[in-house]
Amino acid sequence: KARLKRSAPGERLPLDGLAELFEEHVEDMVALDAALERLAKFDARAAEIIDLSFFGGRADDEIAAILELSKRTVERDRAVARAWLRRELA
């Protein structure tokens, strides 16, 4: 029971499996990184919201506080950024 309390949520992968997973998706990750760089040039605030949300694990209310924006503005900018990224990665 104590082990379950310390365990992080989600699926556990052995390290060798992690390397294989990375190799399978490296092209996708490179494409995503390039698309995020283009997004930052197009809309720096939206790119920062994606960074804080996706990579930083922050909730909308936390992002709003960090960037001194309303929660609704964060939601709207994230929706626009996600649509923009989908189009870029299609």
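None of the values given here were measured: they were computed from a predicted structure.
The structure places CD of E68 at 13.0 Å from OG1 of T73, a figure rounded to the nearest 0.5 Å. Atom CG of residue L69 and atom CZ of residue R45 lie 5.0 Å apart, to the nearest 0.5 angstrom. The line from CZ of R38 to CG of D43 is 14.5 Å long, rounded to the nearest 0.5 Å. Once rounded to the nearest 0.5 Å, the distance linking OG of S70 with CZ of R76 reads 6.0 Å.
Nearest heavy atom pair, residue A40 against residue A47, reads CA-CB, 3.6 Å. Taking every heavy atom of both residues into account, L85 and A35 meet most closely at CD2-CB, 3.8 Å. In plain terms, the two heavy atoms of R58 and I66 that are nearest each other are NH1-CD1, 3.8 Å.
Residues L67 and F42 are members of separate hydrophobic clusters, defined by side-chain heavy-atom contacts under 4.5 angstrom among Ile, Leu, Val, Met, Phe, Trp and Tyr. Hydrophobic clustering (side-chain heavy atoms under 4.5 Å, transitive across Ile, Leu, Val, Met, Phe, Trp, Tyr) keeps L52 apart from I50. Connection of W84 to I49 is not established within any shared hydrophobic cluster, with ILVMFWY side chains joined at heavy-atom distances below 4.5 Å, either directly or through further cluster members. L89 and F55 fall within the same hydrophobic cluster, where Ile, Leu, Val, Met, Phe, Trp and Tyr residues are linked whenever their side-chain heavy atoms come under 4.5 Å apart, directly or through other members.
Between E75 and R78 no salt bridge is recorded (no basic side-chain N to carboxylate O distance below 4.0 Å).
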